[in-house]
> 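Supplied in structure tokens, the structure appears directly below.
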Amino acid sequence: MPGIDECLLEAMRLPGARGAALVDWTSGLALGAVGEFPGGDHEAAAAEAAEVARLTAEQRAFAPDGYDRRDGQDGHGGHDGQGSGGGVADPPVEDLIISNRDSYHVLRFVPTSFDSSVFLHVWLARPDGNLALARIRLGEMAGRLVLG
Amino acid sequence: MTAVRTPPQGTTPPPRLPVREKSAARERGGGLSPMLTRLAAERATGVLERERGSLYLAEGKVVHAESPLAPGLDVLLLAHGTLAPAVWQDAVDRADEEYGVARLLLDAGRVPRGALELCHLEAVFDAAYFALTPSSTPGRFRYGAGHWLGTLRPVPVEAVERETLRRRELLHRLWPDPLTDGAPLRRAETVAAPAPTARQSAVLASVDGVRTASDIARELGRQAFHTLVDVRRLAAAGLLTALFPPPRQHRPPPAAPPLHPGPAAGPAASPVAPDPDPPPGITLPRVNDPDITLLKRLRDALEAL
């Protein structure tokens, strides 16, 4: 079963990968990082990426149909009972893609069975980066990271 | 609403005090706990006990942290059924020096490694944030003490200190009043407040005039710092406020009727030992922890200049 580092190293095997990190979007904390990051500071990059991820996750416009209703069911902390195991932290958005002249950033939200707010952030060089592949792989990695 | 760009409440950071700049604190080697810096340098193993929490070190790195103000790893994992309580308890019972709880759970395949690492790291930084708040008593280090959880992913001391400083700044930027961090919270009547997000709504639903942010975090099975962030945002939006002055007893807030038992009878009569209330007619803000903490931080910052 992969840990955080194995997961990030796997992300680094994506074509064109320059850096990969696991980031908490509420606090901006980088829980793990490998490779390089824009500006040379992975903590600063994580904090900035976290802000974008947070805004995206909080906008109702980007949530799928019926998300609010479902969310209302297990968003009740008090009476809690069983969260029926089905993902307490189930972000409304799957991923977020940002492109510029020389690179892509792919942010993949990670659903977890406990309360959290994390995403995988991969920085890809544009000439080699393959967005479709990155999206698929990151989705798989996010699942394996927390589901084993 | 769209044309005029009045800064929404609370999102405009107040002018920064130059003394609070991160660089000043960094030059002093973290600046949060000189003792911690020294322990990291000597690669110490043991537990640093401070007023609001403990940091467990192994060879100078942080392997675990606990604080009464932050829900522990067990709360985070059990609250939403990631682990069954019986499984956790069994691992805790069987843990020894060699096989910590983490290793037992992983070896038995009870929880994926990634999930456990993630949850544990979050819990460590969460508790460390509180453990490293300025305190009025000196910390105490017990050499050699390990933690029954075992080692998962050690974190360098500098990383923990840096993150703690960053978190303080983050909260300060969101809403510069720290009162909501520790006081009981109550909802505020407001007009034209922005709609809270789903996560904030869950926090707001738990606000009842008695619970503090930490209580709410525990109830929701959430990290305490996440709750502090939501609470400060809600405070900035005018949706909740802290009770001030914080009530000393478990009585509901509205100004406790002063019974005036007489100066001699007072303290002995009640086990809760009521504070000497200010004489009627004079309303002085009660001196409480946040103020003292702020003054200490101010003093520390001035000394660092």
Side-chain angles (χ1 to χ4, degrees), chain A residues 1-8 22 24-32 43-44 46-47 50-51 54-55 57-60 63 67-68 70-72 74-89 91-92 110 112-118 141-148, chain B residues 71 73 75-83 106 109-126 129 152-153 155 159 162-163 166-167 169-171 195-203 205-206 208 211 216-223 225-230 233:
Chain A
M1 279 193 261
I4 293 173
D5 286 336
E6 290 78 9
C7 177
L8 294 178
L22 181 67
D24 179 315
W25 52 259
T26 305
S27 65
L29 166 69
L31 295 154
E43 289 181 4
E51 193 65 3
R54 182 181 69 77
L55 287 171
E58 286 178 351
Q59 303 307 316
R60 292 203 163 83
Y67 182 83
D68 274 349
R70 201 204 54 78
D71 186 71
D74 47 34
H76 272 296
H79 334 280
D80 188 58
Q82 287 87 302
S84 62
V88 175
V110 181
T112 55
S113 60
F114 46 90
D115 190 273
S116 75
S117 56
V118 289
M141 283 174 220
R144 269 203 305 278
L145 177 68
V146 290
L147 302 177
Chain B
L73 179 65
V75 176
L76 299 179
L77 286 175
L78 301 183
H80 301 283
T82 306
L83 272 183
L106 290 176
R110 292 299 188 170
V111 59
R113 172 169 274 277
L116 188 60
E117 283 185 358
L118 201 168
C119 207
H120 179 248
L121 271 180
E122 298 265 28
V124 165
F125 280 98
D126 198 30
Y129 171 79
L152 261 177
R153 235 170 158 264
V155 188
R162 223 168 32 238
E163 175 65 13
R166 204 184 59 75
R167 289 183 173 205
E169 286 202 354
L170 172 64
L171 288 184
T197 66
R199 291 176 64 80
Q200 287 169 353
S201 299
V203 172
S206 303
D208 62 356
R211 296 189 182 103
I216 293 172
R218 186 158 288 117
E219 184 182 305
L220 297 179
R222 268 187 203 177
Q223 293 165 54
F225 183 78
H226 283 189
T227 312
L228 292 190
V229 167
D230 279 335
R233 288 208 162 98

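Numbered from 1 within each chain, the chains take letters A, B, ... in sequence-line order.
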> Roughly how far apart are Y129(B) OH and L29(A) CG, rounded to 0.5 Å?
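Y129(B) OH to L29(A) CG: 14.0 Å, rounded to 0.5 Å.
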
> I need the single residue from L170(B), D230(B), V229(B) that forms a side chain to side chain contact (heavy atoms under 4.5 Å, CB included) with T26(A). Which is it?
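For T26(A), the side chain to side chain contact (heavy atoms under 4.5 Å, CB included) test succeeds with only one of L170(B), D230(B), V229(B), which is V229(B).
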
> With a 4.5 angstrom heavy-atom cut-off, could you sort out which part of R211(B) is near chain A: side chain, backbone, both or neither?
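For R211(B), no heavy atom lies under 4.5 Å from chain A.
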
> Is L118(B) in contact with chain A via its backbone, its side chain, both, or neither, using a 4.5 Å heavy-atom distance?
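It is both, since atoms from each part get that close.
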
> Do any N or O atoms from the side chain of R166(B) and from the backbone of S27(A) form a donor-acceptor pair under 3.5 angstrom?
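Judged by distance alone, yes, a pair lies under 3.5 Å.
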
> Would you mind reporting whether H226(B) and D24(A) have side-chain heavy atoms less than 4.5 Å apart?
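Yes - at least one pair of side-chain heavy atoms lies under 4.5 Å apart.
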
> Can you say whether P196(B) sits under 4.5 Å from chain A via the side chain, the backbone, both, or neither, judging by heavy atoms?
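P196(B) touches chain A through backbone heavy atoms alone.
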
> Determine the minimum heavy-atom distance between G221(B) and D115(A), stating which atoms define it.
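Heavy-atom minimum between the residues: O-CB, 3.4 Å.
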
> Does L121(B) reach the side chain of I4(A), with side-chain heavy atoms less than 4.5 Å apart?
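Yes; the side chains approach each other to less than 4.5 Å.
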
> Side chains of V118(A) and E122(B): closer than 4.5 Å at any heavy-atom pair?
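Yes, at least one pair of side-chain atoms sits under 4.5 Å.
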
> If you round to the nearest 0.5 Å, how far is CZ of R113(B) from SG of C7(A)?
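These two atoms lie 13.0 Å from each other.
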
> Heavy-atom pairs under 4.5 Å with chain A - which of Q200(B), Q223(B), R167(B), R233(B) has more of them than the others?
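Of the options given, most contacts go to R233(B).
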
> Tell me which of these, A47(A), G28(A), S117(A), S116(A), has more heavy-atom pairs under 4.5 Å with chain B than the rest.
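Of A47(A), G28(A), S117(A), S116(A), G28(A) has the most heavy-atom pairs under 4.5 Å with chain B.
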
> Restricting to non-hydrogen atoms, name the atom on F114(A) and the atom on C119(B) that form the minimum distance, rounded to 0.1 Å.
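For F114(A) and C119(B), the tightest heavy-atom pair comes out as CD1-SG, 3.8 Å.
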
> Quick one: does S113(A)'s side chain have a donor or acceptor within less than 3.5 Å of a partner on T82(B)'s backbone?
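The answer is no, because no donor-acceptor pair under 3.5 Å joins these two groups.
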
> Do the non-hydrogen side-chain atoms of E117(B) and L31(A) ever get within less than 4.5 Å of each other?
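In short, these two side chains do not touch, never coming nearer than 4.5 Å.
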
